[in-house]
Participant: 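Below you'll find the structure I mean.
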Amino acid sequence: MISARRGEDARDSLRRSTMAAHVALRDHARRLIITCMQLGTEPDLAELRLADWAHMLGFRSHFSTRSRHYSTTLGDIRADREHHARLNDITTGCLPLFDEDTVLVISEWEYAGKGHSLGDQLLAAAITGTQLGGIHDL
């Protein structure tokens, strides 16, 4: 007999697993649900609670169901969120107001030289146990 959870008996588990065969689903989604229900009875996989999450195709979290033809896209939502965050940063003074095509330079780079300084060369030689070569290595 299948161990039942939350007061369910084996008939309820069987009913849930066969219900997916009668609901109007695409064949791939139906196979995923039935597989989740079957794997949910395996003792080694009990911690995954696949039978409990069969209606989510085995995923134990939210997943995206947006499409280009349904109300809005995730790209539009993301763009609106970025626009709102930028406006919020400007109005609270966290970000200065600039034109969209302005490049803000925060720091500059300067050429400091090539190779290691004499002190770095001596330190590296002391750590590695190698000797400094001729005048060309300095």
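If you're wondering where the values come from, they're calculated on a predicted model, not measured in any experiment.
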Participant: Measure the CG-OG1 distance between L50 and T41 for me, rounded to the nearest 0.5 Å.
Facilitator: 10.0 Å

Participant: T130: which residues meet the side-chain hydrogen bond (donor to acceptor under 3.5 Å, both in side chains) condition with it, sequence neighbours left out?
Facilitator: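 By the side-chain hydrogen bond (donor to acceptor under 3.5 Å, both in side chains) rule, T130 matches T128.
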
Participant: By side chain to side chain contact (heavy atoms under 4.5 Å, CB included), which residues pair with R81, not counting sequence neighbours?
Facilitator: I77, R78

Participant: Taking all heavy atoms of H116 and all of Q121, pick out the closest pair and write down the distance.
Facilitator: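 Closest approach of H116 to Q121, heavy atoms only: O-NE2, 3.1 Å.
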
Participant: Going by side chain to side chain contact (heavy atoms under 4.5 Å, CB included), name the residues that satisfy it together with I90, two or more places apart in sequence or in a different chain.
Facilitator: R86, L95, L97

Participant: Donor-acceptor pairs are to be reported for all side-chain atoms of residues 101-111 against protein atoms at under 3.5 Å, with residues two or more places apart or in another chain.
Facilitator:
unit_1 : atom_1 : unit_2 : atom_2 : d
T102   : OG1    : D99    : O      : 3.4
Y111   : OH     : K114   : N      : 3.4

Participant: With sequence neighbours excluded, tell me which residues meet side-chain hydrogen bond (donor to acceptor under 3.5 Å, both in side chains) with T35.
Facilitator: none

Participant: Of the non-hydrogen atoms in I33 and A54, which two are nearest, and what is the gap between them?
Facilitator: CG1-O, 3.3 Å

Participant: Taking only residues two or more places apart in sequence or in another chain, which ones pass side chain to side chain contact (heavy atoms under 4.5 Å, CB included) with H84?
Facilitator: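 H84: no side chain to side chain contact (heavy atoms under 4.5 Å, CB included) contacts found.
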
Participant: So, for A51 and M37, which heavy atoms are closest and what is the spacing to 0.1 Å?
Facilitator: O-SD, 3.7 Å

Participant: So how far is it from L87 CG to E82 CD, rounded to the nearest 0.5 Å?
Facilitator: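 That separation rounds to 12.0 Å.
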
Participant: Looking at residues at least two apart in the chain, or sitting in another chain, which of them share a side-chain hydrogen bond (donor to acceptor under 3.5 Å, both in side chains) with T91?
Facilitator: none

Participant: Taking side-chain hydrogen bond (donor to acceptor under 3.5 Å, both in side chains) as the definition, give me every residue that meets it alongside D44, ordered by chain and number, with sequence neighbours left out.
Facilitator: none

